[in-house]
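So you know, we letter chains A, B, ... as the sequences are listed, proteins then strands, and number each from 1.
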2 protein chains.
Amino acid sequence: MAPSAPTRAARPTLARVASRAGVSVSTASLVFSGRGPVSDATRAKVLAAAAALDYAGPDPTARSLRRGRTGVVGVVTEDRLADAFRDPMNLALLDGIGEGFGDERLGLLVIPRAVDSASELESAPIDAAILLGCSTDIVRSVEALHRRRIPVVAIEAERMDGVVAIDLDNRDASRRGAEHLRDLGHRRVAIVTLPIDAGHTRGEVSPERLRSSTAFGTLERLAGARQVFPDAIAVSTAGSTIDEGMRAARTLLDVPSGARPTAIVAQSDLLAVGVLRVAEELGIAVPAELSVLGFDGIRLEGAIEGVLTTLVQPAIDKGRVAAEAVLAELAGDSGRGVELRSELRVGTTTGLAPH
Amino acid sequence: MAPSAPTRAARPTLARVASRAGVSVSTASLVFSGRGPVSDATRAKVLAAAAALDYAGPDPTARSLRRGRTGVVGVVTEDRLADAFRDPMNLALLDGIGEGFGDERLGLLVIPRAVDSASELESAPIDAAILLGCSTDIVRSVEALHRRRIPVVAIEAERMDGVVAIDLDNRDASRRGAEHLRDLGHRRVAIVTLPIDAGHTRGEVSPERLRSSTAFGTLERLAGARQVFPDAIAVSTAGSTIDEGMRAARTLLDVPSGARPTAIVAQSDLLAVGVLRVAEELGIAVPAELSVLGFDGIRLEGAIEGVLTTLVQPAIDKGRVAAEAVLAELAGDSGRGVELRSELRVGTTTGLAPH
DNA sequence: CTGAAAGCGCTTACAG
DNA sequence: CTGAAAGCGCTTACAG
């Protein structure tokens, strides 16, 4: 009977408010948008009518259609929602994005990039998209967004046309970390990597797996470390967690001590903590017998003894800069990319190589 | 000159696709929505025209306006984005929500409830809202949503008209946990609480602070523990983190041993871990000298020795049930609330009271 | 300061 | 199976 959706009581419209107030729809609109001059008396009449009808303000969808803006920015994450937010780096990024938006009231629509996620991106009501933790098959996502003429800002992704890149010096920073270990005399070094494929396969990283990998950040960090230690064995994990660090560390450390590396480069701090836990379990002294290097610079809240040697990345800045790039794109300025720099923080988990 | 927004190249429309394909707009629409019968030949013509024009499919905003649905559900969080997601319970909840939506492709718009957040809620393009970690001043948020005739599902909030409540047995579960301590002979018990006010003030919880508090879940858990230990001192924290647990624990434990409680009830597992850390720092044996009880049942990944005694809550179920309630509301079924139950898991951090 | 008109891009009965 | 028409609820030039 009623033309509205059955789930909702009939919602009052601006037209009904205007008619009750005895003004035109355009005038009523002006009252709510504040974009034009309206006399106090008129404004009061309109507001009174709105209150009487329990009108909640202009319908956001209609306003969006008319204005050509949704006021929403998509945040495209690699995995399922919760996994993406379990990574402290992504949380810092979110903080930064919030900061970067400042007073612009933009909503954040989280879009997990599932297998068939192109479809999700094709129909999400967004003005711009920020791609996070991007690795696998990002190109198709970008194509879908480009067809919709939606500006894209990608964080730590490979270079792509028409995409504003917010980069981290992953390769260079990793190289500097590895040099720190080399300067301490380390020669037998192993690497614990972040996921290198969409399947998050664990295990030794063969040249073949390397070639087929699309995990840009992981590859960059690995390449940097191998600039210093070309033959370093690398073991991949299923994610940046303490557990995963422990799993990988066991395969590297639970071996005859002659075969053990004297240093482990972990591609994240959480992985490094896992390595430290296993070293403790196995009675391997850090840093006397084993040096451990992390990446990220997260707060560890006393999860380890001492201070982790790590590459501190400006995670919040990354988000802030991404948000600013989005704002620039929406304002019609073609954003330029930014490369942010990580700093080596020498803690107590690295020291002179044994012997 | 061009009527479109300056930031975007002119986007092709369905009308242009239809005209190029030589069909009506309605027919072209049918091709993309799949909601009506279209001959293969016609479909092919339309698709070819779309490809030629690089048409990305129907505009989501226009579709939303017409259909009266945005396909987006708001997730209203208490704090800033990142804080909300730092809590492992909220992450589990997100997992559950994703599960509960199943094949319904609903986007999640995160809406941090700031001071002026009513305005945010008033204009967010959403079909329904899920209120998380709700405490302060939730009533105004609900009013704003009700005026918009948007169904609201609230998790662990006080009862409100027109809101589907997904509840946890906070009070009862806390009482059961306290009884476990009482049965072990504990009489001097202290409580470390979650935030009890919007300002996240730390310190002893006076009757006055209690009265002015609006943190529903916190109050429920406190009331449950005090059913067993009416005079237990309570110290509030600024959030569910290990750090905060440590801060509170220091005020309770770093005192002459005669004045020390023999058991601490922490309102979250992270707080409990903080308590355990401080006990270790101070050389207080757990459980010989101090029993520690948590709440939540999160995975602790070896962050503590032994197994935390805690109340395991079905966090994922909470999300799943909330999502199902949203689906029911959108389908026109008025959802009933659900109360979920937590189970006491006795670990190794509680034991007989000393003496 | 106010109003009449056009139109944002689509979907959905309805008729054929 | 296809098309013409109405309309979702608003905002924005434009004219007065």
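Residues of residues 13-25 of chain B that place a heavy atom closer than 4.0 Å to DNA chain D, in numerical order, are B/Val23, B/Ser24. Applying a 4.0 Å cut-off to non-hydrogen atoms, the residues of residues 50-66 of chain B that approach DNA chain D are B/Leu65, B/Arg66, listed by residue number.
Using a 4.0 Å cut-off between a side-chain N of Lys or Arg and a carboxylate O of Asp or Glu, A/Asp54 and B/Arg149 qualify as a salt bridge.
Residues passing the side-chain contact (heavy atoms from CB on, under 4.5 Å) test with B/Val163 are B/Val142, B/His146, B/Val152, B/Ala154, B/Met160, sequence neighbours excluded. Applying the side-chain hydrogen bond (donor to acceptor under 3.5 Å, both in side chains) criterion to A/Asp59, with sequence neighbours excluded, gives no partner residue. Remark: B/Phe101 engages no residue in a ring-ring contact (aromatic ring centres under 6.0 Å, His included) (not counting sequence neighbours). Residues that satisfy the salt bridge (Lys or Arg N to Asp or Glu O under 4.0 Å) test with B/Arg86, not counting sequence neighbours, are A/Asp95, B/Asp83. B/Pro125 meets the side-chain contact (heavy atoms from CB on, under 4.5 Å) test with A/Pro60, A/Val72, B/Thr70, B/Leu109; sequence neighbours excluded.
Residues A/Arg35 and B/Leu30 both approach DNA chain D. Their nearest nucleotides, taken by heavy-atom distance, put B/Leu30 toward the 5′ side.
Residue-level contact check: B/Ser29 touches the bases, meaning some heavy atom is under 4.0 Å from a base atom.
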Please list, one pair per line, the donor and acceptor atoms closer than 3.5 Å that link side chains of residues 20-27 of chain B to other protein atoms, with sequence neighbours excluded.
{"unit_1": "B/Ser24", "atom_1": "OG", "unit_2": "B/Ser26", "atom_2": "OG", "d": "3.1"}
{"unit_1": "B/Ser24", "atom_1": "OG", "unit_2": "B/Thr27", "atom_2": "N", "d": "3.2"}
{"unit_1": "B/Ser24", "atom_1": "OG", "unit_2": "B/Thr27", "atom_2": "OG1", "d": "3.0"}

Show which side-chain atoms of residues 31-39 of chain B pair as donor or acceptor with protein atoms under 3.5 Å away, not counting sequence neighbours.
{"unit_1": "B/Ser33", "atom_1": "OG", "unit_2": "B/Ser29", "atom_2": "O", "d": "3.3"}
{"unit_1": "B/Ser33", "atom_1": "OG", "unit_2": "B/Arg35", "atom_2": "N", "d": "3.2"}
{"unit_1": "B/Ser39", "atom_1": "OG", "unit_2": "B/Thr42", "atom_2": "N", "d": "3.2"}
{"unit_1": "B/Ser39", "atom_1": "OG", "unit_2": "B/Thr42", "atom_2": "OG1", "d": "2.8"}

Under 3.5 Å, which donor-acceptor pairs do the side chains of residues 315-328 of chain B form with other protein atoms, sequence neighbours left out?
{"unit_1": "B/Asp317", "atom_1": "OD1", "unit_2": "B/Arg320", "atom_2": "NH2", "d": "3.1"}
{"unit_1": "B/Lys318", "atom_1": "NZ", "unit_2": "B/Glu156", "atom_2": "OE2", "d": "2.6"}
{"unit_1": "B/Lys318", "atom_1": "NZ", "unit_2": "B/Gln313", "atom_2": "OE1", "d": "2.7"}
{"unit_1": "B/Arg320", "atom_1": "NH1", "unit_2": "B/Glu324", "atom_2": "OE2", "d": "3.2"}

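Atoms CZ and CZ, from A/Arg11 and B/Arg148 in turn, are 6.5 Å apart once rounded to the nearest 0.5 Å. Rounded to the nearest 0.5 angstrom, B/Leu131 CG and B/Ile111 CD1 are separated by 9.0 Å. One distance of note links CG of B/Leu53 with CG of B/Leu14; it measures 11.0 Å at 0.5 Å rounding.
Closest approach of B/Pro151 and B/Leu330 over heavy atoms only: CG-CD2, 4.4 Å.
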**Q.** Pair assignment for DNA chain D - dot-bracket with | for other-strand partners, Watson-Crick or G-U under 3.5 Å
**A.** |||.||||||||.|||
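First and last contacting nucleotides of DNA chain D toward chain A (any atom under 4.0 angstrom from a heavy atom, 5' to 3' order): D/dG9 to D/dT12.
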